[in-house]
Amino acid sequence: MSVDLPTVRKIASLARIAVTDAEAEAMVPELNNILGWVEQLQAVDTDGVAPLAAVIPNTLRLRDDVVTDGDRRDEVLRNAPQAEHGFFAVPKVIE
Amino acid sequence: MADLTDLGVAALRDGFRAGDFSAREAADAFIAAVAAGKPLNAFLIETPDHAIAAAEEADRARATGEFRPLSGVPLGIKDLFCTAGYQTTAASHILEGFVPTYESTITARLFGAGAGMLGKLNMDQFAMGSSNETSAFGTVLSPWRRSDGGNAALAPGGSSGGSSAAVAARMVPGATGTDTGGSIRQPAAFTGISGIKPTYGRCSRFGVVAFASSLDQAGPMARDVRDCAILLEQMAGFDPKDATSLDVAVPAWEASLSGDLTGKRIGIPKEYRVEGMPAEIEALWQQGIAFARDAGAEIVDVSLPHTAHALPAYYIIAPAEASSNLARYDGVRYGLRDLPDGANLQDMYAATRAAGFGPEVKRRILIGTYVLSAGFYDAYYTKAQKVRALIARDFTRAFEQCDLLLTPTAPSAAFALGEKSADPLAMYLNDVFTVPASLAGLPAMSVPGGLSAEGLPLGLQIIGRPLDEQGVLDAGLAIEQRAGFTARADRWW
């Protein structure tokens, strides 16, 4: 598998990263170099092997169903690039 | 009085308790060292106010005979840890100006134990890199120079390069680091200090800026093994705020520390003898084996057959998790916002992320996005997770024959800045010895083992069974006692 220019543009769009034409072109050989290298994994026999998700056995805990936090609007908004009327402000989404 | 910056964590703690000096005197000495160390670019921000406040509180408490575990000990904090009221950037422009309103569990524990903070330490951007060259705020310089008369600026290792440089240059007695694929161990090896990545889940990840969540683990970096044990004891422990935190007791690692390895079997994995490994790394390894044998250990040959596949599996899994974790940087809730004229919300996301992330971070997000995208998920991500299962199984089988593993930490001594930065793959290959233990979540430590022909530090790595930090620290101490590593970087800054 290898990536071409349209694929790089598509990935960049999925990743929400704007790329210039020059950046996208430079990215094609870079990504192919890395993807070509990881391709060697296809040669490993993994038949019947379950994918490892948790490295150290651990049971997921449920916390008590009680309110632990809240009333922190100002703290939550403190680092926002733009906040208005107690909300995060973004460019208009709906006309 | 001798220079207080010559003292490590244990010596500062004990000297303060004995009344040899005040915590304020110690804090002032390190604050001056931090200021004098500016040419190394190890600190992103200096926080003398924090260190002084903690010291003055320690001095007041001492009057009433009240000592906390780290009273009198100021520390450096990697800029990946959120510190309430102090800028936290992960060395990225996208978080420039971000001042957390909350404290990471690790720093809360350290400060609760009496430690003060000297500043936030530079690092590879979002912990992605092995040389510190990906920081948005300039590269950290290693305090070490080659003995060849050349003056090449050397990499302090990465991603915890600010931490390693600050400890090695005696600007801090100890520092926090984080390790995703070797980011504590490799910089420790490059700068002649010790560092331990504990078992995955030992240290809480709450408030630590996320890179690859199934791999990220915090740990201490310090001048010797005892100091690492002291700091790790205060960092580790169950945290209900982190779902992957292990609910197990924290042993008294320092009190139990012993360099006697009688009855221990130490495995030497033959697959770590990689092609093209320099002769001096092989010689260092043999020296480490001799040290372990001298400490009473029995040496056994073991096999980790999937070692060669660890690195490519890591460079699928880590970027995949990073692409997901870094989706939160979108210009809405914190950090940078780039809003071009007439831009809609999608344009704002794309412009913000283009402006805020550095090239290596973008590269990894794109790789991660690609391997997780429809049609490729199974071929890449699921496959890599299966290989990860095989790598973990290799370790389980090896630990049926031995108690610990001994390997070199890195395939070379510190390289010169710029030497590998043009070739991402060459940079990735630097992590060949550290990544397998990360994939398996095992505790692993680097201790200085000797010097290269060019007079640069070389590290030995000890890998242990899950939760056997004691075994790892003990073997580290055994090597430290025999290596007698006392070399220090000449002060040129």
Side-chain angles (χ1 to χ4, degrees), chain A residues 1 3 7-8 10-20 23-24 26-27 30-31 33-61 63-64 68 72 74-83 88-93, chain B residues 97-101 199-201 214 240 243-244 246-247 306 309 312-313 315-316 323 327 330-337 339 343-351 353-354 357 362-363 365-367 369-370 373 376 379-380 382-390 392 424-425 439-441 466:
Chain A
M1 285 172 272
V3 299
T7 311
V8 168
K10 179 166 171 262
I11 304 166
S13 154
L14 288 172
R16 305 280 185 271
I17 296 176
V19 289
T20 63
E23 282 171 336
M27 214 74 91
E30 266 182 25
L31 296 192
N33 200 12
I34 296 167
L35 290 168
W37 172 67
V38 299
E39 205 66 37
Q40 57 178 286
L41 289 188
Q42 302 309 326
V44 183
D45 180 4
T46 52
D47 283 353
V49 177
L52 183 74
V55 283
I56 303 293
N58 198 354
T59 46
L60 281 180
R61 299 171 294 269
R63 70 165 171 82
D64 293 336
T68 56
R72 290 171 174 256
D74 291 347
E75 277 181 55
V76 169
L77 294 175
R78 192 165 299 155
N79 280 287
Q82 200 185 343
F88 293 111
V90 298
K92 191 153 72 173
V93 178
Chain B
F98 172 64
V99 178
T101 53
T199 310
Y200 181 81
S214 78
T244 56
L246 293 171
D247 193 357
H306 295 90
H309 307 302
Y315 278 99
I316 291 173
S323 72
D330 56 8
V332 175
R333 285 157 299 166
Y334 34 65
L336 183 77
R337 168 179 289 193
L339 184 60
N344 63 25
L345 188 62
Q346 297 289 338
D347 298 334
M348 184 191 85
Y349 293 155
R353 291 161 65 78
F357 291 136
K362 288 181 193 172
R363 187 179 294 125
I365 289 175
L366 293 179
I367 290 278
T369 304
Y370 180 73
S373 64
F376 298 111
Y380 285 109
T382 308
K383 181 76 180 182
Q385 291 285 60
K386 287 180 178 179
V387 172
R388 186 177 189 180
L390 292 173
L425 268 185
L439 287 171

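Only a predicted model underlies this, so the values are computations on that prediction, with no experimental measurement involved. Proteins get letters first, then strands, A, B, ... in listed order; numbering begins at 1 in each.
At a threshold of 4.5 Å between non-hydrogen side-chain atoms, the residues A:Leu35 and B:Tyr370 count as touching. For the pair B:Arg337 and A:Val90, the minimum side-chain heavy-atom distance is below 4.5 Å.
If you measure heavy-atom distances from B:Leu345 to chain A, the contacts under 4.5 Å come from both the backbone and the side chain. Of the two parts of A:Thr7, only the side chain, counted from C-beta on, holds a non-hydrogen atom closer than 4.5 Å to a non-hydrogen atom of chain B. With a threshold of 4.5 angstrom between heavy atoms, B:Leu366 approaches chain A through its backbone and through its side chain. Neither the backbone nor the side chain of B:Ser323 comes within less than 4.5 Å of any heavy atom of chain A. Contact of B:Ala313 with chain A is made through backbone and side chain together, with heavy-atom distances under 4.5 Å. Looking at B:Ala384, both its backbone and its side chain come within 4.5 Å of chain A, counting heavy atoms on both sides.
How far CZ of A:Arg16 is from OG1 of B:Thr369: 10.0 Å, rounded to the nearest 0.5 Å. With values rounded to the nearest 0.5 angstrom, A:Asp47 atom CG is found 7.5 Å from B:Lys386 atom NZ. Considering CG of A:Leu52 and CG of B:Leu390, their distance stands at 9.5 Å, rounded to 0.5 Å. Atom CD of A:Gln42 is separated from atom OH of B:Tyr380 by 7.0 Å, given to the nearest 0.5 angstrom.
Nearest heavy-atom pair, A:Val44 versus B:Lys383, reported as atom, atom and distance to 0.1 Å: O-NZ, 2.7 Å. The nearest pair of heavy atoms linking B:Ser214 to A:Val55 is O-CG2, 4.3 Å. The heavy-atom pair separating B:Met348 from A:Pro91 by the smallest distance is SD-CD, 3.6 Å.
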